[in-house]
Amino acid sequence: MSTGVRLRRPAAELYAQAQRTDNPATRGRLLEDVLLRLFETAHFDVEKNAGAAAPRQTDLVARYGERVYLVEAKWTRRPAGIPELDALRTRLSRATRGAIGVLVSVGGFAASVVEDVGHHRRHPLLLLSAIELERLVHGGEGLRDLLRRKEDALALSGRVLVTSTDPTAAGDARRGAWRRGAPTIVEPSGRTVPWVRATGSFDVWLPALRLPDPDWRWAGHTGSVYTTAAVRDRGPGTVHRVVEELDRIGWLESHCSWALRQAGANWFGFGATGLIEALERWTDRYAAWAGAAHHTEELAATGQADGSGIWILEADIDAGRPRWVTSCELSAVLEGWPLDVEPLRRLMRVVGAEEPQVLRTLMSRVVTTDRLPRDEPAVLDVRARIVVRETVPDGSHEDWVVGVIARHPGLSQIAEEVDRPPWREWTRDNDVLPVALRSWHQHDTVDRTYTLLRSEWSELPRSIPDVLVADWD
């Protein structure tokens with residue numbers, strides 16, 4: 001049974017493919033896809049080949065609140081000149097009043113273009129060069145901030161901000177850029193598995209490798225806000241649609257964590273691909289478990305929102321065909337004021353969340369840390385490693401151990417002892433636990449000793465994200 005979920009390719013991967021192709025038409029389509037991905041990740045509403053400038057078409061129309069951008073993309077050997085500028089202005093004249101043009105040219109811009117844009121700042125048009133595009137692709141700068149800087153410079157002083165497209169400068173942008181893959185679970189035999197099954201129940205524990213702290217900048221005080229909303233749709237495709245939208249806006253990053261809970265078993269894993277695979281292969285999970293399944297299983301997933309925010313997806317799914325979703329809620333904890341609510345408003349609208357969404361100011365800190373007493377070291381019995389592959393621009397890569405799967409150190413203790421930091425009652429039923437490493441090490445055959453240090457957790461939503469942290473020697 002296929003869910004039909006298709007995760008989007010990263011902008012850096014699309015851009016690298018465009019650089020390798022010699023077909024101009026293919027390269028142009030890939031460039032449009034790169035821009036589509038960049039604008040969506042920056043929380044713009046985007047239409048490709050939209051008719052905003054009818055009867056002619058433009059490559060993209062991007063909206064953020066009341067602001068509208070018409071985006072033209074060019075990838076030719078020669079720099080963009082006055083003809084390309086005039087063509088975009090013609091389309092702007094037919095578009096919504098107040099729309100702003102964006103001309104993207106990987107081949108650079110003729111000097112006359114920069115001069116012409118500066119002389120016509122009453123009708124703003126922004127230029128985006130190859131070096132600026134590469135910085136966006138590799139996460140060097142935010143798209144909204146870049147466009148706003150260009151607009152402000154043009155409106156206030158008539159300056160046209162466009163970074164040199166000299167090949168040497170472009171090489172500097174790529175230097176140091178890297179790509180981190182999703183965490184994978186590697187058993188001692190070297191076999192990679194998509195998830196781990198543990199004993200468990202319908203508890204609230206949501207194991208994670210990382211828990212962002214929205215309050216870190218407030219020096220011990222909270223400034224965060226919290227919201228939750230139920231998704232209207234209750235059909236089999238509800239969770240898949242929300243997952244696709246989280247991926248579209250860049251919140252479903254590779255380090256997201258998830259758990260599927262049953263009466264007697266929990267499955268947990270990391271990364272968007274693993275989540276999709278676990279949803280699709282539900283019959284395989286139950287066949288390998290052979291337990292007495294409840295008629296419903298619970299999904300809980302968490303990841304990082306904008307900045308240091310946290311999102312949590314929770315759903316109840318039938319444990320049989322047709323996998324009907326009986327409830328689905330999306331929650332978010334975001335950094336406090338000043339708060340840009342446009343990304344959250346767009347997300348809730350697209351996934352069909354029920355109105356209204358109320359932002360509640362939190363009166364206590366989001367993340368709590370419990371440290372293990374120094375005189376009670378917990379040496380971990382490691383059953384598997386959690387490995388991440390990092391790839392640098394030259395194509396070389398290294399595998400790093402970012403966590404381990406370990407037997408629950410407090411499993412044999414009585415309930416009263418388990419309900420102490422850092423275990424807490426929500427890990428009581430699990431025989432194995434994922435544990436993040438404070439210091440990573442290379443994935444090799446060296447035997448190491450791992451000792452538990454602390455637990456970081458948040459008790460805001462129905463599920464409780466919890467990161468157990470250890471170190472090695």
Between [atom1] on residue [X] and [atom2] on residue [Y], distance to nearest 0.5 Å:
X      : Y      : atom1 : atom2 : answer
Asp370 : Ser455 : CG    : OG    : 6.0 Å
Asp33  : Gln17  : CG    : CD    : 9.0 Å
Glu297 : Ile317 : CD    : CD1   : 5.5 Å
Ile185 : Phe268 : CD1   : CZ    : 6.5 Å
Arg371 : Leu452 : CZ    : CG    : 11.5 Å
Trp258 : Ser463 : CH2   : OG    : 14.0 Å

Exercise. side-chain contact (heavy atoms from CB on, under 4.5 Å) with Thr238: which residues, sequence neighbours excluded?
Worked result: Val231, Asp233, Val325, Cys328

Exercise. With sequence neighbours excluded, what pairs up with Arg448 under the side-chain contact (heavy atoms from CB on, under 4.5 Å) test?
Worked result: Arg385, His441, Asp444, Val446, Tyr450, Trp472

For [X], what residues pass the salt bridge (charged side-chain N to carboxylate O under 4.0 Å, His left out) criterion, not counting sequence neighbours?
X      : value
Glu298 : Arg261
Arg20  : none
Arg360 : none
Arg148 : none

Exercise. Which pairs count as salt bridge (Lys or Arg N to Asp or Glu O under 4.0 Å) when at least one residue sits in residues 190-207, sequence neighbours excluded?
Worked result: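 Non-adjacent pairs meeting salt bridge (Lys or Arg N to Asp or Glu O under 4.0 Å): Glu187-Arg191.
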
For this session: Using the test ring-ring contact (aromatic ring centres under 6.0 Å, His included), find all partners of Phe39 that sit at least two apart in sequence or belong to another chain.
Result: Phe44

Exercise. Just wondering, more than 12 heavy atoms not from Trp324 lying within 6.0 Å of its CH2?
Worked result: no

[Y] side chain reached by [X] side chain, heavy atoms, under 4.5 Å:
X      : Y      : answer
Asn266 : Leu260 : no
Glu456 : Arg210 : no
Val71  : Val61  : no
Leu206 : Ile464 : no
Phe270 : Ile386 : yes
Leu347 : Leu330 : yes
Trp251 : Thr41  : no

Partner set under side-chain hydrogen bond (donor to acceptor under 3.5 Å, both in side chains) for [X], not counting sequence neighbours:
X      : result
Trp267 : none
Ser201 : Asp429
Asp45  : Arg346, Arg349
Thr296 : none

Exercise. What do the steps show when you test Asp22 against Arg27 for salt bridge (Lys or Arg N to Asp or Glu O under 4.0 Å), and what is the final call?
Worked result: CA-CA 7 Å; Asp22 294 327; Arg27 191 167 55 224; 5.4 Å; no

Looking at [X] and [Y], would you say the former's side chain and the latter's main chain have a donor-acceptor pair under 3.5 Å?
X      : Y      : answer
Arg454 : Thr369 : no
Ser308 : Pro212 : no
Asn23  : Ala25  : yes

What heavy-atom pair brings [X] and [Y] nearest, and what distance separates the two atoms?
X      : Y      : result
Gly181 : Val388 : O-CG1, 3.7 Å
Pro434 : Pro207 : CG-CB, 3.3 Å
Val435 : Ala470 : CG1-CB, 3.6 Å

Exercise. Stepwise, does the ring pair (Phe, Tyr, Trp, His ring centres under 6.0 Å) test hold for Trp311 with Tyr226?
Worked result: CA-CA 10 Å; Trp311 62 264; Tyr226 170 70; over 10 Å; no

Problem set entry | Residues Arg438, Asp471; criterion salt bridge (Lys or Arg N to Asp or Glu O under 4.0 Å); working and verdict | CA-CA 5 Å; Arg438 181 176 66 178; Asp471 211 345; 2.7 Å; yes

Exercise. According to the interplanar angle, ranging from 0 to 90°, do the rings of Tyr286 and Trp282 count as parallel (below 30°), tilted (30 to 60°) or perpendicular (above 60°)?
Worked result: perpendicular

